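This report refers to the structure that appears directly beneath it.
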Amino acid sequence: MKKITLRKFLAVHIPAAVVIVLYIILPIGCPIKYFLHINCPACGSTRALVALLKGDTASYFFYNPIALPLLLIVLFALHKELFGLSRRTEALILIPSAAVVIVV
């Protein structure tokens, strides 16, 4: 397992925090839906995950069936250094996963 430096940790988490703050402050909601007028792969994910935590699997699949895999993919992409995988292995995980999310 590789050690993550503070600089790398901040380089990932500060932009994410800025995006979250802007998302909360600006009244546009989902930027993909606002600018492109289509649902993004994450639309309904929060409601889906809350429904799953409550044990309501029917609502989970209604809101966004790809929410849990999408969350796991994002967490893996943000913290892939922890696993010590080669770039090829990371690509073999992330590229097909992203393709599945886009297709769904």
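The structure presented is a predicted model; accordingly, all values stated were derived computationally and were not measured.
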- Query: Which residue pairs pass the side chain to side chain donor-acceptor pair (under 3.5 Å) test with at least one member in residues 26-35, sequence neighbours excluded?
  - Reply: Lys33-Asn39
- Do the side chains of Ile66 and Leu71 join up, straight or via other hydrophobic residues, at under 4.5 Å, putting them in one cluster? no
- Message: Please list all pairs meeting side chain to side chain donor-acceptor pair (under 3.5 Å) that have one or both residues in residues 94-104, counting only residues at least two apart or in different chains.
- Response: none
- Message: When you group the ILVMFWY residues by side-chain heavy-atom contacts below 4.5 Å and let the links chain together, are Leu94 and Val100 in the same group?
- Response: yes
- What distance separates Phe61 CZ from Thr57 OG1, expressed to the nearest 0.5 Å? 6.5 Å
- Query: Do Ile25 and Val18 sit in the same hydrophobic cluster, where Ile, Leu, Val, Met, Phe, Trp and Tyr count as joined when their side-chain heavy atoms come under 4.5 Å apart?
  - Reply: no
- Item | Approximate separation, where rounding is to 0.5 Å, of Ile73 CD1 and Leu78 CG | 12.0 Å
- Any idea which heavy atoms bring Tyr60 and Pro69 closest together, and the distance? OH-CD, 3.8 Å
- Transitively linked via ILVMFWY side-chain contacts under 4.5 Å: Leu49 with Leu70? no
- Within residues 4-14 or reaching into it, pairs that qualify as side chain to side chain donor-acceptor pair (under 3.5 Å) - sequence neighbours excluded: none
- Query: Can you pull the side chain to side chain donor-acceptor pair (under 3.5 Å) pairs that have at least one residue in residues 62-73, sequence neighbours excluded?
  - Reply: Ser45-Asn64
- May I ask whether Ile93 and Phe83 are part of the same hydrophobic cluster, defined by side-chain heavy atoms of I, L, V, M, F, W, Y residues being less than 4.5 angstrom apart, directly or through others? yes
- Message: Starting from Leu92 and following side-chain heavy-atom contacts under 4.5 Å between hydrophobic residues (I, L, V, M, F, W, Y), which residues can be reached?
- Response: none
- Query: Going by side-chain heavy atoms closer than 4.5 Å, which hydrophobic residues are tied to Val50, directly or by a chain of links?
  - Reply: none
- Task: Would you name the heavy atoms of Glu90 and Leu85 that are closest together and state the gap between them?
- Result: OE2-O, 3.4 Å
